[in-house]
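Throughout, a chain's letter reflects where its sequence line sits, starting with A, and its residues are numbered from 1.
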Amino acid sequence: MTMAYPFTAVESKWQSIWKERRSNATPDDFSKPKFYALDMFPYPSGDGLHVGHPEGYTATDIVARFKKMQGYNVLHPMGFDAFGLPTERYSMTHNIHPAEATAKNVANFKRQLNMLGFAYDWEREINTTEPAYYKWTQWMFLLIYNSWYDDATEKARPIDELPIPQHLSEPKEIEAYRDSQRLAFISHIPVNWCEQLGTVLANEEVDEWKEKGYTVERRPMRQWMLRITKYAERLLKDLDSVQWPNSTKEMQKHWIGKSEGAEAKFQLLGSDESIWVFTTRPDTMFGATYLVIAPEHSLADRITTDEYREAVANYKAQAALKSDLDRTDLATEKTGVFTGGYALNPATGAKIPVWIADYVLAHYGFGAIMAVPAHDERDHEFAKRFGLPISQTVLPENGTVWDCEETPFTDDGTSINSSNSEISLDGLSTAEAKRKMTEWLENKGIGARKIQYRLRDWLFSRQRYWGEPIPIMYYEDGSRRALDSDELPLLLPDVSDFKPAGTGESPLANVEKWVNFIDKKTGRRARYETNTMPQWAGSCWYYLRYCDPHNENEFCTAEKERYWLGKNGVDLYIGGAEHAVLHLLYARFWHKVLFDYGYVTSAEPFARVFHQGLILAEDGRKMSKSFKNVVNPDEVTAKYGADALRVFEMFMGPLEASKPWSTNGVEGISRFLNRVWRLVADEGGVLSDLLQNAEMTSEQEYAAHSTIKKVAEDIDLLSFNTAISAMMIFTNELTAAEIRPRAAIEILVKLIAPFAPHLAEELWSILGNSTSVFEEKFPICDVSKLTRKTVEIVLQVNSKIRSKAIVHADISREDLEKTGLSDESVLKFLDGLTVRKIIVVPGKLVNYIAN
RNA sequence: GCCCGGAUGGCGGAAUCGGCAGACGCACAGGACUUAAAAUCCUGUGAGGCGUAAACCUCGUGUGGGUUCAAGUCCCACUCCGGGCACCA
């Protein structure tokens, strides 16, 4: 029997050696160039790792080990994002404390991660639920809370530096003004309330929980918000400076949703009130035949005449019952009611009706629009339904007739029917008309150019136990005090019941001993904020904590931050595409606040982001417990070894692609690793006789150095599948050789080390070395070995391949042209034809064009 | 509906700048070794044609057009699949 690679023994052997030697500990050695390779840290669920996890982790591990062999000081840490609903719910059903469940799950995750041989520096492990960690999450919340955004300097500044308007003199007024400017603030807004979960959900979380069968309704509640909208422009602009997947940048851009247009004031008839609208098409104002305001608009009731009061009240009540999802369902027909009120179109001077409809969203712009049914799909649909007038003010550019009664014309064109005694847009292009109309509005003081963003402020509070407490207290008079730094962390109380309070408050509201207390600093009776932070909070800054994980005085010392993050931030950040918008956007926002205060040196946290693709089940469907098609990495590792799992996951296809699992494929990789093993070792793990201190043949040198080039380039590109294929080709070549030169084998072992670290270490040891292969330099390609004396070229007649020839690499153009003319096959196809042209691509082909 | 990807043998995929399509792996078939099997090694493997064979020829990268001496690669139109957004004025 041929000796198979004894992976079980080898893998556990090297894992304990690495641990013993602290091989993966990262020194803060600032003399070396640094490389920061980061994984999106996992949520430690009770299910443990599935085969999707190791995909991204293996990729960063390969890059980290490769960079280390290239002489970089590599930071490659791991931690756990452990606060959140799943654990809290698990705790309730299993009657175990979330901290206990977390500890258990973390231990299992760590076992599995170590089983796979990832070179994590566990001395830097972090866990978002540990007080020593969340102390700084709270600290950052307070930094945000104690800040306002200075539009002049475009950065966050301490709230103490906020200029107070002269007319405010009462301390209470001043405090209220400050509160209105803070980057963390309290708002009473309609939120997504889930009764069964007893908490609000972020808009983006709603679908996830609805899919699981929970119901979610809209309910106005008191919530903490973060003013991320102040950073909209910077979050948009700085996307240009990072190396991220195009789709992710596009998604973030769309999420931020910048629109340029104008705001304009419409005077209400018989009132001194007016309605402001935002429009991206000020050029169509002459075609605005009615206004629509959202049901929640503050003027809704005042506009409404007695005759319509009942209908409006009914409509508003109906709209309030609908969820955001129902309201934004495109399939349903538009609804609305007339208020009885009228406004003046400032362009035409006409009296136009004001309607209420829920297709206008309260939270965007002013919650009101000027409706131009001739040039907007939605307004057209609404106008048709309710018989409102349609007035065309734009013609297609090519002058074709367009029936706006039938179909709205929404493209750019040429303005018509757009003039009054003061202004005429007629004949102007849409771009010119927009500019001129906006100018006119500005001059009349009834409008201005305006940039509007779709991005909304971040709903930051959750009514649950298992999250960071918000470090704010309230006194009996309703006033509030934020904790000082020396009072952090505000610890979660240790309780045994995590059920919601039943009042819409978090379980913390029921913890009498914790929630009510005497404030030591003031001696006053106080009550803590009972909301906790959302799961996103801890992940907003964890990449910073890895740089200085045990610092009790700062979240990260400046010196270490400067070294590890540098000018560009994390060098490589790999994780799932499901975090393309929220996590990456929220983390960027926090980073920018820290940047404004000089706590970090880079404007962006992650220089390069990459998303690994989904690993599907062997049947091509998503892996899911309900399909019973989930592949467990423990089983694969037991059967084929961790190295085989690692290499297979990298060999399956491009890292970013979704691809199905294949058990046969793992076997193939297992065979490949065995072939590599047998190149070096005979039965019993002794050095093979075929391995000798011989010179490499020039063919072997060529193979070795072209493989080095390919593997090194491909690791930088994260094209691991082709790097592995290159190593397979090199392995096959060496297997076929009578004599295997030691130098060639050593190159192969070093090349494969980042991919299959256990195998490489063992082979390196069998080769007679007592040190780790990871202390070796990664092989360097000697390009002189890549030049060949002869090359094979293709001979074509009329662009079809008719023959091939081997020629000297430095052959002259003239001689190349002649080459084919002595080739039998080429002559056969040229027979009876006259050569009109010869195309020569040096080193590649000669093409005879003849007729 | 809009935005972003993608489509290549029986399967996963390769082809980095427009220059030999199908590297590498899987699967399959034949052979060697073996009493036999497993393991391993060797050979073959896009489709079709002609042939005893070697060789040779034709077709072929989702569909239809185009540019070019030359197209998987560039351009135009379309089909299907995946991801995201979705009344954002």
Show me the protein contacts with nucleotides 73-75 of chain B, counting only N or O atoms at under 3.5 Å.
none

Measure [atom1]/[X] against [atom2]/[N] and give the value in whole Å, please.
X	N	atom1	atom2	value
A:Glu733	B:C24	CD	P	11 Å
A:Ile801	B:A71	CD1	P	11 Å
A:Tyr5	B:U40	OH	P	16 Å
A:His254	B:G83	NE2	P	18 Å
A:Asp358	B:C87	CG	C1'	9 Å
A:Lys804	B:G19	NZ	P	16 Å
A:Leu585	B:C85	CG	P	13 Å
A:Tyr359	B:C87	OH	C1'	9 Å

Just checking, is any N or O donor in the side chain of [X] or [Y] under 3.5 Å from an acceptor N or O on the other one?
X	Y	value
A:Glu618	A:Thr663	yes
A:Glu233	A:Tyr453	yes
A:Arg281	A:His375	no
A:Gln452	A:Tyr364	no
A:Ser415	A:Asp283	no

Sugar-phosphate only, base, or nothing, as touched by [X] at under 4.0 Å among non-hydrogen atoms:
X	value
A:Val360	base
A:Gly668	sugar-phosphate
A:Phe829	sugar-phosphate
A:Glu377	nothing
A:Arg675	sugar-phosphate
A:Ser247	sugar-phosphate
A:Ser662	nothing

(request) Carefully, step by step, assess A:Glu260 and A:Arg449 under the rule salt bridge (Lys or Arg N to Asp or Glu O under 4.0 Å). (result) CA-CA 8 Å; A:Glu260 292 182 50; A:Arg449 205 176 93 86; 3.4 Å; yes
(request) Tell me which nucleotide among B:C85, B:C4, B:U40 gets nearest to the side chain of A:Arg678. (result) B:U40
(request) Just compare B:C24, B:C4, B:G84 and give me whichever is closest to any side-chain atom of A:Met728. (result) B:C24
For this output row, return yes or no: ring centroids of [X] and [Y] closer than 6.0 angstrom.
X	Y	value
A:Trp661	A:Phe648	yes
A:Trp355	A:Phe382	yes
A:Phe720	A:Phe651	no

(request) Please identify each residue that fulfils salt bridge (charged side-chain N to carboxylate O under 4.0 Å, His left out) with A:Lys249, with sequence neighbours left out. (result) none
Using the [atom1] atom as the point on both nucleotides, what is the distance between [M] and [N], in whole Å?
N	M	atom1	value
B:G25	B:A15	C1'	16 Å
B:A71	B:C76	C1'	15 Å
B:U61	B:A21	P	12 Å
B:C75	B:C17	P	14 Å
B:C59	B:G64	P	15 Å
B:G30	B:G83	P	41 Å
B:G60	B:U52	P	28 Å
B:C2	B:G18	C1'	33 Å

With a 4.5 Å limit on heavy-atom distance, are the side chains of [X] and [Y] in contact?
X	Y	answer
A:Arg588	A:Leu239	yes
A:Gln796	A:Val794	yes
A:Ile729	A:Thr707	no

Mark yes or no for whether [X], through its side chain, and [Y], through its backbone, hold a donor-acceptor pair below 3.5 Å.
X	Y	result
A:Arg836	A:Ala850	no
A:Thr248	A:Trp244	no
A:Arg385	A:Lys334	yes
A:Asp379	A:Val372	yes

[N] phosphate, OP1 or OP2: any side-chain N/O from [X] under 4.0 angstrom?
X	N	answer
A:Arg621	B:G82	no
A:Tyr364	B:A89	yes
A:Arg802	B:C57	yes

Identify all pairs in which a protein N or O lies below 3.5 Å from an N or O of nucleotides 67-70 of chain B, and state each distance.
{"residue": "B:C69", "atom": "O2'", "partner": "A:Ser799", "partner atom": "OG", "Å": "2.2"}
{"residue": "B:C69", "atom": "O2", "partner": "A:Asn847", "partner atom": "ND2", "Å": "2.7"}
{"residue": "B:A70", "atom": "O4'", "partner": "A:Ser799", "partner atom": "OG", "Å": "3.2"}

So which protein nitrogen or oxygen atoms get under 3.5 Å of nucleotides 27-34 of chain B's nitrogens or oxygens?
{"residue": "B:A27", "atom": "OP2", "partner": "A:Arg671", "partner atom": "NH2", "Å": "3.1"}

(message) In dot-bracket form, 5' to 3', how is RNA chain B paired? Count Watson-Crick and G-U wobble pairs only if both distances fall under 3.5 Å, and write | where the partner sits on another strand.
(response) (((((((..(((......[....))).(((((.......))))).((((......))))..(((((..]....))))))))))))....
(request) Establish, yes or no, whether the cationic atom of A:Arg788 lies under 6.0 Å from the six-membered ring centre of A:Tyr702 and within 45° of the ring axis. (result) yes
(message) Could you check whether the side chain of A:Lys334 and the base of B:C87 have a donor-acceptor pair of N or O atoms closer than 3.5 Å, going by distance alone?
(response) yes
(message) With the 90 degree cut-off around zero defining syn, does B:G9 come out syn or anti?
(response) syn
Close N/O contacts between protein and nucleotides 10-16 of chain B (under 3.5 Å):
{"residue": "B:G12", "atom": "O2'", "partner": "A:Met652", "partner atom": "O", "Å": "2.6"}
{"residue": "B:A14", "atom": "OP1", "partner": "A:Asn721", "partner atom": "ND2", "Å": "3.0"}
{"residue": "B:U16", "atom": "O4", "partner": "A:Lys710", "partner atom": "NZ", "Å": "2.6"}

(request) Could you tell me the separation between the CG atom of A:Asp823 and the OH atom of A:Tyr848, rounded to the nearest 0.5 Å? (result) 8.5 Å
